[in-house]
Each structure stands twice: as C-alpha cells, then as structure tokens.
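Encoded as structure tokens, the structure appears first; notes follow it.
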Amino acid sequence: MRITPGMTADNAVYNLQQGRAGLDALQEQISSGTNVTKPSDDPLTTRQLLTLQNEIDAGKQASSNITKGTLLLNVANTALGGMADIMTQVKSAAATLLSGSSDPTAIASTTSNLTQLKAQLIDLGNTQIGNQFVFAGFKNSKPFDAAGNFTGTNDSLGVEIAPGSQVGSTISGGSLLRGGTPPVAVGTGATAGGSPVDILGSIDALITAISSSNSSGVSDGIKNMATAADQITAAQTDVAGRLTRLTNAQTMITNNQNTLESAYGDKQNVDYAKAGVELSQQTTAFNASLSATAKITQLSLLDYLK
Amino acid sequence: MGISNIFDIASSGVTAQRLAIEVTGENIANVNTAGYSRQQVVMANGPVTSSNGFPLGSGVQIQTVRRSYDGMLQQQIVTGNSSYQQNLAKQSALEQIQPSFNELASDGLGSAVDKFFGAWQDLSTNPQGTAERQSLLSATQNLTDTFHQINSSLTSVASSADSDLTGITSDVTTSAKNLAQVNLQILASNAVGGSPNELLDQRDLLMQQIAEKVGITSTLQSDGTATVTLAGGQQLVNGTKYATLYTSPNAAVPPVNNILLTGLGNPPPANVPGSDTNVSATVGGAGNSLGQLGGTLQVRDSIVPGYLSKVNEMASKLVSAVNTQQASGYGIDGPPATTGNNFFAPAGVTAATIALDPALTAAKIAAGLPTASDPAPTSSGNNGNALKIADIQNSTLAFSTGSANFDGFYNSLVSGVGSDTQSAQNATAQGAAFLKQLGSLKASNSGVSLDEELTNLTKYQQAFQGSAKVLTTATQMIDIILGMVS
C-alpha cells in the first residue's frame, strides 16, 4: 500500500481526535463525579437511575407525610394523657360521695369540681395544632361546644405512608367522648358501666345524681366512669399502636432509602481510583500519539535533497 | 542513420523529461488540493526504424498523462458521505433535544410531575391549609411551564431544521450549476483532444459534494460528463444543463418548507412554486435516509413530532385523570363548597396548551371526597380526594407504548431519547471511521506522495540532463565533422 503524507496527516488528526474525545469523556466523568451525565451516555442505566430516583423521592414524600402524621398523633396522645388524668380525678371525686353524702358543702364542692373537670375534657377535645383539630374528623372548627355537643365528623385524616397504604392521623372525638355520633344513651342500672360510654353525658348524669343525693345514680355514675377511663385508655393504646406503625414505616423507609441510594451511588458515582488510572493511561497514550505525530510529520525527503 | 537522428532522439528525451517534470510539479503543487488525483506520465519508446540494418527506436514519446483513479472506490465514498451526513444531521438535532430530557443533570418534566403529585400529598396531610393549597398551585404552574418549555425547545429544533433546508437546497443548486459548468469544460476539452484530468477530479468532487447534501444517482457518460438524478428519479444535472432545487413555504399554519425542483436548462427556468415538481417526499431517499437533506427532513418530520406526541400524550392523560378526579371532589369555597370544577383547562391537552383552569382558585382545589360520616358538601378538613389524586401518580394508565404510570412512561421517553442519540452518535462515529478507511484507500491510490514526487523529480531531472548531454555530444560530433571538412 502506498502511504502518502496526506494519509499520515489524516490518520494523525483522526487518532488525535479519538484520544482527545477519550480524555474529554474521562475529564467530564471526574469533574462531574457522575458516570452518566447524559441519557445518551448509557440509556439503560439512565432508565434504572431515574426509577431509583423516583423511588427515593417517593420515600422522601412518604417520610414527610409520616412526620406530619406523627405530629398529629403525638398531639392527640398528649391530649389523651390529659384526659386519662382527668378521668382519674373524676373517679376519685365521685368515690368520696359513694356512700351518698348529703353534706351540702361536700356536694357543692364535688359538683363544681366535676363541672370544671368536664370543661377541661371539652377543652382537651378541642385540642388543635395549627389549624387542625385532632378530634374533629374532617371538620375545621372546634368539635365540641361548651355543653359538650360534638359537631365534628367521625372520620380520620388518612396519611399515606406508602403508595396505597394509609394510617389515620386523627381520633374521632364523637366516639371518644360521646360514645358515638349521635351520643349513646347514658348507662343506668343494668346498663351502667356498659361500653361504649358517653363520657360527657355520664359526667352530667353524675353531677345531677350527686346534686340530688341519688346514691344509685352515683354508683351507676362511678361504674360509667370506670368504663370511661378504659375508653380513654383504649384510645391511648390505639394511638400508641398507630405511632408504632408510623415509626416502623419510617424505619423501613430509612432502610429502603439507604439501599436505594447506595444502589444509585453504585451506578452513578465515579470510582475515582479507576477513573484516575484510566486518565493516566489515556494521557500516556495521548502524549505518545502527540509525540509520534510531531516526529513523523517533520520527516521529508526535502531535508536530504541538495 | 545520420547524426541528425541523434538530435531527434535527444530532443524527444528533453521534451519528454521536461513534460514529466511539469507533471511532477503539478502533482507537488496540488498535494493539498481536495479531490485531486495524482497524475503519472506514461512514456513509451518511439517507432522502431532499421535504417542501419539494426532495429532501433526513435527516442521517447509521452503516451498519456494518466490519472490514478478508482471509480468503484469513488462511488463508495459518495455513498458513504451521503449516509454519514444524514446521520450527522440527526445527531446534531438529537444532541440539541437531549438536554430538555436530561433528568440526570437537572430537574425536568419528571421532577415537575413528582413535585406536582408531592404537593397533592402535602395537601392531603392538611387539606384546609392555605399554604399547602398555594404550594400546589405553584407546583402546577411549574409543571405547565416545564411542559411549555419542552414543547418550545422541541418545536424550535424542528423549525431550525426547516430553515436549514433552504441553505442545503441552495448549496445543492450551486454545486449542480458548477457541475454543469465542469461538464461544459470537459466537452470543450474533448473537442480539442485533450485529457481533462483536473476537470474529471473537479467533476468527482462536485458529485461527492452534491451527494453529501442530497441522495443522488450519478451516471458518467462516455464523453466524460456526469448526469445526476435525484432519489425520486428527477434529473438535477444533464450534460451542460441543470435544475434549481429550492424551498417554498407550503400552505400549512405555521408554514413548513416544501422542496421544489425546476426543469433543466442553463440557466434553468425561473422558480415557479405553483408548477415546479414537488420532490419533498422523495428527495431524501427511502425513509429520508440519504444526505444532509434526508437527515434534516427526518428531524423535522419524524424525530421531533415523535417526541412531541409522547409529551403531548402525557399532558393529555394528566389533564384528563386529574380533572376527572377533581370534578368528583369538593373544594373549601362557599359555603356551600362547590364540586365539578376543573383543575386544568379542559381544552389544553397538549404540551403547548396545558394550563390551570382559569376559574380555579386555591379554595376550589377539591381535596374533599364525601364519606358516610362527612356527606357532600364535605368539610374543609376532608382529604379523601387529595389522596385519590396523589395516587394517580402510581396508577397504571394505558399509554400508546403500553400500560405504565407517569414516571414509568416518562423515564422510558428519556431513555428512548438517550438511545436514539447514542445510536445516531454511534452511526456517525462508524460512518466517520468508514469514510476515513475509504479516504485512506483513495489516498493510497490517488493521493500525492511528496517523497515519491521528489524522487521522480530527481529521476526526471537526471534524465533531462542525460538527454541534454546527448545533444551536446551530437553538437560536438557535428563540429568535429565540420572541422574535418574545413
């Protein structure tokens, strides 16, 4: 094959271009720190990276939802703790009058005490965080009026903790303090102490019984209060259970995120050691090709012709 | 045989060597000329005479000045260039399109869709929140802006391809005109019996240049002229006549260029868009696979519309899915809260036109879905519908490419753009390597080698000196004989 200087020049330019392109690609990898900077670098890996990224983003969103759900449930939990304390006080206040005291001072102080405790229960039932009432269901207003009538709904604000999986982040005040919507009948005689119990209605009935020194009414009221305390405890257990579920979900998401991010990193993060070695190889090759080009293009018969 | 014969032989040598040095000079001068084929002097000995009883030649003759040329190779180079330029046009358009879909480097449509559904999720945790409603509106604005931006960058790639057509056709016409001119010179040169080597080189180069721009079939006539036919069978150059290839906007809105061809002539008849042949459909070859023109037509007519239709499909599915669910829920406006409202403007079902419904306010975003305990119109804390709309992100929809959710469909589109770009880049790189190989073969055959020419120069120079010496010798011989006479 005849070799002309033009061919040598074309070859040199082509090979120098190839060398430069290789160096450029390595430089881009190293300076960006990513293996795939454009979809055309590796379309298949791009697809996988984007899917991983979507899952990571979905995890972040679920995690943010869980944080909000946890906040609402923690607020509800605190309020329920307060309610449980109040129920203990209601029970002990009523117990002092179990024998059916007719001392007007004792009756007055107990009824006034119970009225205050009921008002406190209602206040706790109206607990809010920001503009959200944790016992109001879907309503955006105080769920209990001063008399204790429930105006909220019996829904729980669902929070999505994973695609298609929801946890209620609020407790229905109607079921909690009134035994249902509308309120269930206050238990008397044989039905006293039955579940569910209308807590606010039962306290009203208890106050009436104490005021009228109705000892069977007081005894019914004390049975009702015992069930009422259990009802609050049951709600606390429910909330604790949901909080555990949220915590577990959060842990799972965190683990998942770690796995996904390390998979993403494996595909996308440049192995600097490898890239560095390749760069040094490529540089050596490019230097050699530059030097060879410089030497060969200088050769000419003209230098030897006189 | 007399001394005068020595003069004849020597002078034929001097003439021949001088011509050979001229040809060598021509080769050296054209070492860097594109399309130049090296020329070689073919020498033969003169007619044999036997006047002295011995057969002896009568000096040297130049038989021909031969052009080192491989027609088959040239044809491959022409074809190779045609498809290389086609791929190059595609590659450069795809490299312009790719950044719009480069979800790896920057937040694009995929991230905007995620943020849109994320805002619905946020709303579901606090359905009456003004901040959540406002941030949903912002996320939606961002989403529609991203759709518009992708649409405009795709459209601008198509429209710049469309305007490129004008430049390409005008280049083709210029080359066709030059080729007709070269054909004329070849005929003239033939008439005086010359061998128009340089003109043939120019002819080949011009055909190659035309083929880079547009798919052609070329035929070489016995008189050395070239006839060039477009991929659709219309003649572009025939002998000394050529046709004008030009663009003319069609009646569509907005108009796109048709490619038209006039009749043959020198100069060709004036452009009459109404009656000239419309070659738009055929000029790029089958599937617009030939020449820069073919690649550019592919970009304008299939690549960009293909991506655009997928983005439009995504916009249309998003608008209909969200609007259907939004219409079945309740806002927090009123009282009473309204239902049946649109979220997106129902008419905007393309990437160019997608927009929030003008009547939509933050309060009309339908987060609430009636339940048994919260009947219609729903309370402001109801998040049932917000959850349903947020779930659209994960629901599988029937797309033209199969069932997928929005993320899946869009990710396929991104990876599709990536693999289209990659395959255009690969095809271009392969084409370049192929052309380089062909170029080397051609250069090996036709290229000028300075070393070779310099060696030839020395060779011919010495031969010239030799012939001149014979002349001197013959002169001295004459002088001697004349001296004997005197």
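Within every chain, numbering begins at 1; the chains are lettered A, B, ... in the order of the sequence lines, protein sequences first and strands thereafter. All values below were derived from every heavy atom in this structure, side-chain atoms included, with hydrogens, water molecules and symmetry-related copies excluded.
A donor-acceptor pair shorter than 3.5 Å cannot be found between the side chains of B/Ser124 and A/Glu160. B/Asp122 and A/Gln61 are linked by a side-chain donor-acceptor pair at a separation below 3.5 angstrom, with hydrogens and angles left out of the test.
When heavy atoms are compared at a cutoff of 4.5 Å, B/Asn102 approaches chain A by way of both its backbone and its side chain. At a 4.5 Å heavy-atom cutoff, B/Phe117 makes no contact with chain A through either its backbone or its side chain. In this structure, the portions of A/Leu302 lying under 4.5 Å from any heavy atom of chain B include both its backbone and its side chain. Interface remark: A/Asp57 contributes side-chain atoms only to the contact with chain B (heavy atom separation under 4.5 Å). Looking at A/Lys68, the atoms closer than 4.5 Å to chain B (heavy atoms on both sides) all sit in the side chain, from C-beta outward. Looking at A/Leu157, the atoms closer than 4.5 Å to chain B (heavy atoms on both sides) sit in the backbone and in the side chain alike. For A/Gln53, no part lies near chain B; criterion is any non-hydrogen pair under 4.5 Å. The part of B/Gln425 that comes within reach of chain A is its side chain, from C-beta onward, which places non-hydrogen atoms under 4.5 angstrom from that chain. Proximity to chain A is limited to the side chain of B/Thr371, based on heavy atoms less than 4.5 angstrom apart. If you measure heavy-atom distances from A/Gln18 to chain B, you find no contacts under 4.5 Å at all.
Annotation: maximal heavy-atom pairing with chain B below 4.5 Å, among A/Thr153, A/Leu301, A/Asn54, A/Asn154, occurs at A/Asn54. If you tally non-hydrogen atom pairs under 4.5 Å between each of B/Gly381, B/Ser395, B/Ser444, B/Ser449 and chain A, the highest count goes to B/Ser444. When B/Gly416, B/Ala433, B/Gly408, B/Ser412 are compared by the number of non-hydrogen pairs under 4.5 Å with chain A, B/Ser412 comes out ahead. The candidate with the highest count of non-hydrogen atom pairs below 4.5 Å against chain A, out of B/Thr455, B/Leu457, B/Leu450, B/Val414, is B/Val414. The greatest number of non-hydrogen atom pairs below 4.5 Å with chain A, out of B/Asn411, B/Leu387, B/Thr421, is found for B/Asn411.
To the nearest 0.5 Å, the span separating OG1 on A/Thr51 from CG on B/Asp407 amounts to 8.5 Å. Here the CG-CD distance, from A/Asp41 to B/Gln98, works out to 7.5 Å after rounding to the nearest 0.5 Å. For the atom pair CG (B/Leu454) and OH (A/Tyr304), the distance works out to 13.0 Å, reported to the nearest 0.5 Å. Here the straight-line distance linking atom CG of A/Leu299 with atom CG of B/Asp451 works out to 8.5 Å at 0.5 Å rounding. Interatomic distance, B/Leu104 CG to A/Leu50 CG, rounded to the nearest 0.5 Å: 5.5 Å. A distance of 7.0 Å separates CD of B/Glu95 from OG of A/Ser40, quoted to the nearest 0.5 Å.
Taking 4.5 Å as the limit, every side-chain heavy atom of B/Glu452 sits out of range of all side-chain heavy atoms of A/Pro5. Considering only heavy atoms from C-beta on, A/Val159 stays 4.5 Å or farther from B/Asn383 through its side chain. Side-chain contact check for B/Glu103 versus A/Thr46: every heavy-atom pair is 4.5 Å or farther apart.
Taking both residues in full, the closest heavy atoms of B/Ala443 and A/Thr4 are given as O-CG2, 3.5 Å, listed atom of the first, atom of the second, then distance. Closest approach of B/Gly418 to A/Pro43, counting heavy atoms only: C-CG, 3.6 Å.
For the pair B/Ser415 (side chain) and A/Leu44 (backbone), a donor-acceptor distance under 3.5 Å is absent. Side-chain N or O atoms of A/Asp10 include none that pairs as donor or acceptor with a backbone N or O of B/Lys436 at under 3.5 Å. Using a distance-only test at 3.5 Å, with no hydrogens or angles considered, no donor-acceptor pair links the side chain of B/Gln393 to the main chain of A/Pro163.
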